[in-house]
Q: 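Please find one structure pasted underneath; my questions will follow.
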Amino acid sequence: MSFLIATFISAINLILSPSPEIWSIVGLSFLVASVAIGLALIVGAPLGALLALKIFPGRHQAATFLRGTMGFPPILMGLLVSLFLW
């Protein structure tokens, strides 16, 4: 139990007095998140508009599939993507 308390206190100290290493990690995290959001917007917005405005064969199935995948937990989707990329 003392190990957990010491680790928690160490984490609080790192948060309250961040080093340059912490700032570089935070900056990289924000950069990766921004690029992911930008790519999702570039790809997702036109596809969403196409799905909403055009009538084509398979539209109902595509909408059902997309609505279904929005209910997946992010961890599950990350694991599936990593399996496909591996």
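By convention here, the first residue in the shown sequence is residue 1.
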Q: Going from CG on L85 to CG on L80, what distance comes out if it is rounded to the nearest 0.5 angstrom?
A: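 Answer rounded to 0.5 Å: 11.0 Å.
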Q: With the 4.5 Å side-chain cut-off for hydrophobic clustering, are F30 and I22 part of the same group?
A: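 Yes; tracing contacts between hydrophobic side chains, which count when under 4.5 Å, links both residues.
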Q: Looking only at non-hydrogen atoms, find the nearest pair between F56 and L50 and report the distance.
A: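 In this case the closest contact between F56 and L50 is CE2-O, 4.1 Å.
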Q: Does a sphere of radius 6.0 Å around CZ in F84 hold more than 12 heavy atoms from other residues, nucleotides or ligands, not counting ones at 6.0 Å or beyond?
A: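 Check fails, neighbour count at 12 or below.
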Q: Could you state the interatomic distance from CZ (F8) to CG (N13), rounded to the nearest 0.5 Å?
A: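 It is 10.5 Å, given to the nearest 0.5 Å.
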Q: Spell out, yes or no, whether L51 and F65 are grouped together once hydrophobic residues are joined by side-chain heavy atoms under 4.5 Å, including indirect joins.
A: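 Cluster IDs for L51 and F65 match.
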Q: Does T64 reach the main-chain N or O of H60 with its side chain, forming a donor-acceptor pair under 3.5 Å?
A: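 Yes; judged by distance alone, with no hydrogens or angles, the pair exists.
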Q: Taking CG in L31 as the centre, count heavy atoms belonging to other residues, nucleotides or ligands within less than 6.0 Å. Is the count above 12?
A: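 Count over threshold, so yes.
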Q: Rounded to the nearest 0.5 Å, what separation is found between the OG atom of S19 and the CD1 atom of I25?
A: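 Going from OG on S19 over to CD1 on I25, the span is 7.5 Å.
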Q: Kindly say whether G78 contributes a backbone atom to a donor-acceptor pair with the side chain of S82 at under 3.5 angstrom?
A: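 Answer holds: yes.
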Q: With rounding to the nearest 0.5 angstrom, report the CD1 to CD1 distance, I9 to I12.
A: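 Separation between the atoms: 9.0 Å.
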